[in-house]
Participant: 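The structure follows.
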Protein chains: 2
Amino acid sequence: MSSSMNTKDFITSLARGLKVIQSFDKEHRKISLSQVAARAELNRATARRFLFTLKALGYVNSDGKLFWLSPKVLELGYSYLISQPITDIVQSFVDQVSSQVGESCSVSILDGTEVVYISRRMTKHIMSISLNVGTRLPAVATSMGRVLLADKSIEELNVILEKVQFQKFTKHTLTDEQALKDELLKVRDQGYAIVSEELELGLRSIAVPIYNKYDQIVASINVGTQVARISEQELTKRILPCLQNAVTEIRKVLSV
Amino acid sequence: MSSSMNTKDFITSLARGLKVIQSFDKEHRKISLSQVAARAELNRATARRFLFTLKALGYVNSDGKLFWLSPKVLELGYSYLISQPITDIVQSFVDQVSSQVGESCSVSILDGTEVVYISRRMTKHIMSISLNVGTRLPAVATSMGRVLLADKSIEELNVILEKVQFQKFTKHTLTDEQALKDELLKVRDQGYAIVSEELELGLRSIAVPIYNKYDQIVASINVGTQVARISEQELTKRILPCLQNAVTEIRKVLSV
DNA sequence: TGACTTATGTTCGCAATGCGAACATAAGTT
DNA sequence: AACTTATGTTCGCATTGCGAACATAAGTCA
């Protein structure tokens with residue numbers, strides 16, 4: 001367990017159990033007890049007890065040999081979604097923007113150094129990875145992340161950037177901290193961010209911040225497309241007004 | 001803890017921790033330590049340790065007084081979603097059907113006595129509750145649930161129905177077990193289910209099963225609308241073919 | 001078919017983990 | 001100021017959960 005965990009008041013069994021849940025992914029849909037133990041870095045007997053507990057609670061299923069997650073696990077994430085009124089509010093706007101512009105539209109929030117998708121309307125599969133509610137992407141390399149980072153004070157930004165490990169996803173990816181900061185100043189000035197081919201070649205997106213009634217930025221909304229389909233100029237001329245209209249309406253609803 | 005939990009090999013700390021996560025909902029977005037303790041049925045000092053552990057792991061945030069779930073909790077549900085290839089596969093078909101028919105379209109699977117939404121495309125808010133990935137509804141009162149139940153053997157169905165507590169959501173809700181079974185025979189015969197105003201007045205939906213290449217039913221897909229907008233006849237004449245086309249295509253993809 | 005490897009099932013002594021009663025302090029209300 | 005409700009914290013203790021070790025099962029290979 002991470003040494004940053006304060007062992008006083010820290011419950012290792014809970015931490016271990018959550019690690020067991022996270023042992024499952026696309027490449028590990030149905031795995032054996034030993035695989036779970038290895039992936040969760042637990043003793044086999046210990047992993048077994050966790051799997052049996054999760055099975056008793058309905059979060060895991062098993063055929064007696066392999067284990068896989070039960071849809072009940074969605075309830076955990078669901079606890080988060082239904083405790084966030086914004087997810088309900090924005091969904092209809094996301095659908096509306098997506099219909100208007102004919103491209104995928106998403107809303108996300110900042111969590112640490114990443115953006116987390118909380119709402120999404122996809123028109124086509126254009127990314128190599130699938131994006132869903134719950135997907136996390138590095139904030140520094142996404143348009144939604146940049147509008148959220150641009151809102152931070154210098155101090156807050158420094159704290160966040162300390163934890164960022166810049167990755168060069170493509171030849172266009174900004175990896176110089178100062179260059180990023182300059183870009184964020186520009187984003188703040190113009191009130192939107194455009195990211196072209198920094199996270200994945202061939203893709204670009206534009207994002208604007210979503211404000212609540214106290215003028216606090218609570219999320220960001222973007223439209224994502226392919227560079228071959230929409231130029232940066234067209235993003236600002238045709239797409240940006242749709243996003244700006246949407247966030248104006250969202251702010252009204254959030255102000256009720 | 002439920003007496004059905006086998007205390008041998010059962011890890012109460014994990015169970016308790018998951019209950020803490022589920023203490024949060026729409027009416028309990030940000031709650032105090034004592035409220036968490038009450039809702040999770042824990043001693044206050046115990047609840048405090050769980051909240052501090054969840055905070056250390058990033059699943060919960062706090063202002064020192066109130067606690068709320070962090071979007072990191074979505075990772076837990078996300079572990080399930082990315083371990084289910086079907087969620088990726090069906091999303092584009094859900095979007096397609098929804099676009100074609102101009103109504104909301106969803107996919108769900110059976111989990112115990114409930115259906116769990118795993119994919120959704122909403123055109124309008126027509127239900128009083130919001131439906132998201134993770135939402136659970138009683139299988140017996142939904143079209144998607146009925147196509148999934150219709151696939152069960154008599155024995156399997158009896159096991160499931162034993163655990164069902166029939167609720168009369170509206171005056172149209174079937175609550176007689178035999179009447180439900182008769183309805184399921186009809187569903188099996190015709191290969192689709194229509195539910196009108198049984199879960200909520202004013203709403204109707206039609207669902208068909210999704211098969212994999214072994215002819216096993218793995219999920220169901222529906223279109224939901226308002227009774228004022230689409231008759232049952234129109235559902236079968238216009239909507240059903242779109243759903244049937246979609247499941248044919250889905251089956252091809254699942255067979256790759 | 002036997003040897004070997006890899007896997008799971010299970011136990012139980014034990015130590016550490018987590019518990020919760022109790023006390024202290026803080027904040028809000030009357 | 002008294003009272004109520006809340007949180008912060010401790011620490012003795014009992015139970016919980018651990019994991020080494022052993023048993024058994026299943027698969028592979030020669």
Side-chain angles (χ1 to χ4, degrees), chain A residues 1-25 27-70 83, chain B residues 1-25 27-70 83:
Chain A
M1 195 61 60
S2 168
S3 61
S4 69
M5 301 302 157
N6 169 16
T7 50
K8 198 167 83 66
D9 294 337
F10 188 81
I11 299 182
T12 51
S13 295
L14 174 56
R16 286 173 155 179
L18 297 173
K19 260 192 124 183
V20 165
I21 291 175
Q22 289 184 288
S23 300
F24 296 85
D25 63 24
E27 283 76 48
H28 305 89
R29 288 186 57 232
K30 290 188 170 186
I31 48 181
S32 68
L33 166 62
S34 296
Q35 283 175 294
V36 171
R39 288 176 60 74
E41 296 172 312
L42 294 173
N43 177 278
R44 215 175 29 81
T46 307
R48 184 168 181 273
R49 284 193 294 274
F50 280 108
L51 284 168
F52 275 47
T53 303
L54 288 166
K55 187 163 186 288
L57 297 170
Y59 293 100
V60 149
N61 286 322
S62 174
D63 59 7
K65 195 171 183 60
L66 295 179
F67 297 84
W68 60 92
L69 289 180
S70 155
S83 70
Chain B
M1 193 62 56
S2 169
S3 61
S4 70
M5 301 302 156
N6 169 15
T7 51
K8 196 166 84 67
D9 294 338
F10 189 81
I11 299 183
T12 50
S13 295
L14 174 56
R16 286 173 156 179
L18 297 173
K19 261 191 123 183
V20 166
I21 291 175
Q22 289 183 289
S23 301
F24 295 86
D25 63 23
E27 282 77 48
H28 304 89
R29 287 186 56 232
K30 291 188 170 188
I31 48 182
S32 68
L33 167 62
S34 296
Q35 282 175 294
V36 171
R39 289 177 60 74
E41 297 172 309
L42 295 172
N43 178 279
R44 220 180 22 85
T46 307
R48 184 167 181 274
R49 285 193 294 273
F50 279 108
L51 284 168
F52 275 48
T53 303
L54 289 168
K55 187 164 187 291
L57 297 170
Y59 293 100
V60 149
N61 285 322
S62 175
D63 59 8
K65 198 172 181 57
L66 295 179
F67 298 84
W68 60 91
L69 289 180
S70 156
S83 70

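Reminder, nothing fancy here: chain letters follow the sequence lines and each chain counts from 1.
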Participant: Without decimals, in angstroms, what is the distance between Lys19(A) NZ and dG17(D) P?
Facilitator: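 It works out to 19 Å between those atoms.
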
Participant: How close or far is atom P of dG18(C) from atom CG of Leu14(B), stated in whole angstroms?
Facilitator: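 Rounding to the nearest Å, CG of Leu14(B) and P of dG18(C) are 11 Å apart.
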
Participant: Need the pair for dA14(D). Rule: Watson-Crick or G-U wobble, both distances under 3.5 Å, any strand; none if unpaired.
Facilitator: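 Here dA14(D) is engaged in a pair, and the nucleotide opposite it is dT17(C).
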
Participant: Report the distance from atom CG of Leu66(A) to atom P of dA7(C), rounded to the nearest whole Å.
Facilitator: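 Whole-Å distance recorded here is 12 Å.
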
Participant: Could you tell me if the side chain of Val36(A) sits less than 4.5 Å from the side chain of Leu51(A), heavy atoms only?
Facilitator: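 Yes, their side chains come closer than 4.5 Å.
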
Participant: State whether the side chain of Ser83(A) and the backbone N or O of Phe24(B) hold a donor-acceptor pair below 3.5 Å, judged by distance alone.
Facilitator: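 Checked: no pair found.
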
Participant: Tell me the partner of dT6(C), counting only Watson-Crick (N1-N3 plus N6-O4 or O6-N4) or G-U wobble (N1-O2 and O6-N3) with both under 3.5 Å; none if nothing fits.
Facilitator: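 Across all strands, the one nucleotide that pairs with dT6(C) is dA25(D).
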
Participant: What pairs with Thr46(A) under side-chain contact (heavy atoms from CB on, under 4.5 Å), at least two apart in sequence or on another chain?
Facilitator: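 Thr46(A) satisfies side-chain contact (heavy atoms from CB on, under 4.5 Å) with Arg16(A), Leu42(A), Asn43(A), Arg49(A), Phe50(A) once adjacent residues are dropped.
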
Participant: Whole Å only: how far is the CG atom of Leu33(B) from the C1' atom of dT5(D)?
Facilitator: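 Whole-Å distance recorded here is 13 Å.
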
Participant: Rounded to whole angstroms, how far apart are CZ on Phe10(A) and P on dT17(C)?
Facilitator: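 Rounded to the whole Å, the gap is 11 Å.
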
Participant: With sequence neighbours left out, write down each residue that passes side chain to side chain donor-acceptor pair (under 3.5 Å) with Ser32(B), or none if nothing qualifies.
Facilitator: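 In terms of side chain to side chain donor-acceptor pair (under 3.5 Å), with neighbours along the sequence ignored, Ser32(B) is linked to Gln35(B).
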
Participant: So, OP1 or OP2 of dG17(D): does either fall under 4.0 Å of a side-chain N or O from Ser13(B)?
Facilitator: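 For Ser13(B), the contact criterion (side-chain N or O under 4.0 Å from OP1 or OP2 of dG17(D)) is met.
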
Participant: Under 4.0 Å between a side-chain N/O of Thr12(A) and OP1 or OP2 of dG18(C), yes or no?
Facilitator: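 Indeed, a polar side-chain atom of Thr12(A) lies that close.
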
Participant: Going by the rule side chain to side chain donor-acceptor pair (under 3.5 Å), which residues pair with Asp25(B) if we only count those two or more places apart in sequence or in a different chain?
Facilitator: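 Checked Asp25(B) against side chain to side chain donor-acceptor pair (under 3.5 Å); matches are His28(B), Arg39(B).
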
Participant: Output the rounded distance in Å from CZ (Arg48(A)) to P (dG17(D)).
Facilitator: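 These atoms are roughly 15 Å apart.
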
Participant: Treating primed atoms plus P, OP1 and OP2 as sugar-phosphate and everything else as base, which nucleotides of nucleotides 20-30 of chain C get B, S or - for protein heavy atoms under 4.0 Å?
Facilitator: BBB--------

Participant: Check every strand shown and say whether Gly64(B) touches a base, only sugar-phosphate, or nothing at a heavy-atom separation below 4.0 Å.
Facilitator: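 Sugar-phosphate only.
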
Participant: Roughly, in whole Å, what's the span from CD1 in Ile11(B) to P in dC19(C)?
Facilitator: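 One finds 13 Å between P of dC19(C) and CD1 of Ile11(B), rounded.
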
Participant: Under 4.0 Å, heavy atoms only, any strand: does Phe50(B) hit a base, just the sugar-phosphate, or nothing?
Facilitator: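 Sugar-phosphate, backbone atoms only, no base.
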
Participant: With Gln22(A), which residues qualify under side chain to side chain donor-acceptor pair (under 3.5 Å), at least two apart?
Facilitator: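 Listed in chain order: Tyr59(B), Glu75(B).
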
Participant: Is it the case that the side chain of Ser70(B) and the backbone of Gly58(B) share a donor-acceptor pair, with hydrogens and angles ignored and the cut-off at 3.5 Å?
Facilitator: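 Judged by distance alone, yes, a pair lies under 3.5 Å.
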
Participant: For Phe52(B) and dT9(D), what is the distance between atoms CZ and C1' respectively, to the nearest whole Å?
Facilitator: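 Spelled out: CZ on Phe52(B) to C1' on dT9(D) is 10 Å.
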
